[in-house]
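Positions are given from 1, in the same order as the sequence printed here. It should be emphasised that the depicted structure is a prediction, and the values quoted were computed from it without experimental measurement. Both backbone and side-chain heavy atoms feed into the values below; hydrogens, waters and symmetry mates do not.
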Amino acid sequence: MWDTAGQELFKSVTRGYYKESAVAILVYDITDELSFNNIKDWLEDCKNLAPSKTLLVLIGNKIDKEEERAVTKEMGEEFATENGMLFFETSALSGIGIENVFQKCVENIDKRINEGFYDLNDMSGNGIKKMKIYGENRVGEFIVDKKALAEGNKSKKKNKKKCCVSK
């Protein structure tokens with residue numbers, strides 16, 4: 001996953017990453033209407049460069065700055081609906097909604113696999129690769145060790161530190 005913060009400077013670089021994407025997540029800043037308006041261009045790139053089966057996701061970020069909101073939730077929802085995208089609002093700062101975004105993406109991809117939307121034997125660039133991971137609980141072709149996952153989440157919460165703070 002690459003985060004280019006929507007900078008035009010990186011547009012030519014990012015085009016190569018669309019090629020085999022299973023999911024494209026487009027993020028705008030709810031406090032900046034220009035960032036929302038720029039989503040149209042990024043979506044056009046997705047539609048032109050990503051596989052047609054790519055799951056499209058729209059995220060309005062910075063909901064921790066509700067008092068500075070310039071883009072309503074309804075505007076985001078409407079744009080997502082019109083363009084066949086999943087829609088979420090998040091806060092990268094506080095973590096609100098982040099886990100839900102990835103959980104829903106995984107659920108949607110799994111559903112698409114189970115419905116035959118993706119041909120897992122076709123390795124020509126649908127972004128989905130068939131593989132097996134060994135552990136406790138099986139989920140589709142993937143096996144997830146839920147105990148290790150739970151332990152990892154506990155240790156993350158215990159060791160959570162602020163980034164980039166110098167003493």
Kindly say whether [Y] contributes a backbone atom to a donor-acceptor pair with the side chain of [X] at under 3.5 angstrom?
X	Y	answer
Ser91	Ser94	yes
Asp110	Val106	no
Asn61	Ala92	yes
Thr31	Glu68	no

What is the distance from atom [atom1] of [X] to atom [atom2] of [Y], rounded to the nearest 0.5 Å?
X	Y	atom1	atom2	result
Lys62	Ile30	NZ	CD1	9.5 Å
Glu89	Tyr28	CD	OH	5.5 Å
Leu55	Lys111	CG	NZ	11.0 Å
Lys73	Glu77	NZ	CD	5.5 Å
Asp45	Lys40	CG	NZ	15.0 Å
Ile39	Asp29	CD1	CG	10.5 Å

*Pick one: which of Leu58, Ile63, Val57 meets side chain to side chain contact (heavy atoms under 4.5 Å, CB included) with Phe88?*
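For Phe88, the side chain to side chain contact (heavy atoms under 4.5 Å, CB included) test succeeds with only one of Leu58, Ile63, Val57, which is Val57.
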*Does Glu44 have any salt bridge (charged side-chain N to carboxylate O under 4.0 Å, His left out) partners at least two apart in sequence or in another chain, and if so, which?*
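Result, salt bridge (charged side-chain N to carboxylate O under 4.0 Å, His left out) vs Glu44: none returned.
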_Which residues pass the salt bridge (charged side-chain N to carboxylate O under 4.0 Å, His left out) test with Lys65, not counting sequence neighbours?_
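Not a single residue meets the salt bridge (charged side-chain N to carboxylate O under 4.0 Å, His left out) criterion with Lys65.
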*Does NZ in Lys47 sit with more than 12 non-hydrogen atoms of other residues, nucleotides or ligands closer than 6.0 Å?*
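Yes - once you tally the heavy atoms of other residues, nucleotides and ligands closer than 6.0 Å, there are more than 12.
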Contact check, side chains of [X] and [Y], non-hydrogen atoms, under 4.5 Å:
X	Y	result
Met75	Glu33	yes
Leu43	Leu56	yes
Leu26	Cys46	yes

*Any chance you could lay out the side-chain contact (heavy atoms from CB on, under 4.5 Å) test for Asp64 and Ile96, step after step, and finish with the verdict?*
CA-CA 8 Å; Asp64 52 283; Ile96 295 171; 5.9 Å; no
*In sequence, state the C-alpha distance, the side-chain angles, and the governing distance for Phe102 and Ile25, and then conclude on side-chain contact (heavy atoms from CB on, under 4.5 Å).*
CA-CA 10 Å; Phe102 289 99; Ile25 300 175; 4.1 Å; yes
*Shortest non-hydrogen contact from Phe87 to Ala80?*
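Closest approach of Phe87 to Ala80, heavy atoms only: CB-CB, 3.6 Å.
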*Which residue pairs satisfy the ring pair (Phe, Tyr, Trp, His ring centres under 6.0 Å) criterion with at least one member in residues 52-84, sequence neighbours excluded?*
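Qualifying pairs: Phe36-Phe79.
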